[in-house]
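Right, one structure below, let's go through it.
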There are 2 protein chains.
Amino acid sequence: MKYIEKLRNSGLRPTKQRLQICEVLFNTDKTFHFTINELEQKIKKQANNKISLATLYNTVHAFEKKGYLKQIPINSSETYFDTNVTDHHHFYDLKEEKLIDLENSDVGPINILKKINGKKIKSVEVLVKLED
Amino acid sequence: MKYIEKLRNSGLRPTKQRLQICEVLFNTDKTFHFTINELEQKIKKQANNKISLATLYNTVHAFEKKGYLKQIPINSSETYFDTNVTDHHHFYDLKEEKLIDLENSDVGPINILKKINGKKIKSVEVLVKLED
DNA sequence: ATAGTAGTTTATAATGATTCTAAAAAACTG
DNA sequence: CAGTTTTTTAGAATCATTATAAACTACTAT
């Protein structure tokens, strides 16, 4: 299994549940956005079994901490995650309530001119809201 | 009262509560960020009385819809609002969990090169996360 | 292998922000 | 002022997320 090493290297035991979550999240050509509830559904269908919500929350947060997932900063009732962890941005279609990736090349370079003493920039995220 | 007209023009009856909220939010030199709970506290102190949470939620959302407030897109357990409704961006200090304004002039111009058919850009918001 | 231990999963309860409800109060209209 | 509509309110309901603590699983050293 290709994810066993990845998990071990991160200090996470390669359990059946984590491997299954890896399959659903990472074993695909395209990256995608999801909420915990959507992930639960996807696992029910794709792997035809159930992983408890608690585990999904734990695992997704662990993966986020390790940098395998990114949280998308958007005000919504549910938290959105992204399997695309490269530097990139998002459109948010207000009507459809849907996120669309904006590759880095779709956005001109962003220059942050202001500095805060003793702090360094961890990330720069752009959210472009769309209306009709 | 200077806010009576503003409210009436927005189709909102100028009630005692709404006027009080206007005072706290807008009768100040500096703009600021707040959560509903912080607003509740501020009103308790500043106006020395209590407005129910339901009213605070209703009013803040009404003001947002009218463009007097902006929601700040950030993943936090509470929703943050901003009395600065001009185009601008934010630092988010991950350690202190604090928002800091980035004036438009602090960020170079942002060019969105990708277009989505039939949609137009409503807003472009940049969130810059800071770490130590 | 096996026993011990440290980490993980799980169902369920708890939490907490937000929304809903429906009755009382206030603002408006004629 | 009487009637209508809007607003406020306390408290209940909702719903995503987190905490709990017991059962289970993966690992380690023998």
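Each chain gets a letter, A, B and so on, in the order its sequence line appears, and its residues count up from 1.
In this structure, CG of B/L56 is placed 15 Å from P of D/dT7, rounded to the nearest angstrom. The separation between A/L19 atom CG and C/dT8 atom P is 12 Å, rounded to whole Å. Atom CG of B/L53 and atom C1' of D/dA10 are 10 Å apart (whole Å).
If you check C/dA26, D/dT18, D/dA26 against the side chain of A/R13, the one that comes closest is D/dA26. Side-chain proximity of B/A54 to the nucleotides D/dA10, C/dT19, C/dA17 is greatest for D/dA10. Nearest nucleotide to the B/T15 side chain, out of D/dT8, C/dT9, C/dA17: D/dT8. For B/S52, taking side-chain heavy atoms from C-beta onward, the closest of the listed nucleotides D/dT17, D/dT9, C/dT19 is D/dT9. Of the candidates D/dA16, D/dT9, C/dA17, D/dT9 carries the atom nearest the B/Q17 side chain, counting heavy atoms from C-beta on. Out of D/dT9, C/dC28, C/dT18, the shortest distance to the side chain of B/I36 is found at C/dT18.
We find that B/K119 and A/D93 are joined by a salt bridge, their nearest charged nitrogen and carboxylate oxygen being less than 4.0 Å apart. Between B/K129 and A/E125 there is a salt bridge, since at least one side-chain N of the basic residue sits less than 4.0 Å from a carboxylate O of the acidic one.
The distance from atom CG of A/D101 to atom CG of A/D106, rounded to the nearest 0.5 Å, is 9.0 Å.
Using a 4.0 Å heavy-atom criterion, one finds that B/T55 contacts the bases of the nucleic acid, with or without backbone contacts as well. Within the 4.0 angstrom heavy-atom criterion, no nucleotide atom of any strand lies near A/T35.
Side-chain nitrogen and oxygen atoms of B/R18 include none within less than 4.0 Å of the OP1 or OP2 phosphate oxygen of D/dT6.
Geometrically, B/K6 engages B/Y68 in a cation-pi contact, judged by NZ or CZ lying under 6.0 Å from the ring centre and within 45° of the ring axis.
For the pair B/L12 and B/K50, both in contact range of DNA chain D, the more 5′-proximal nearest nucleotide belongs to B/L12.
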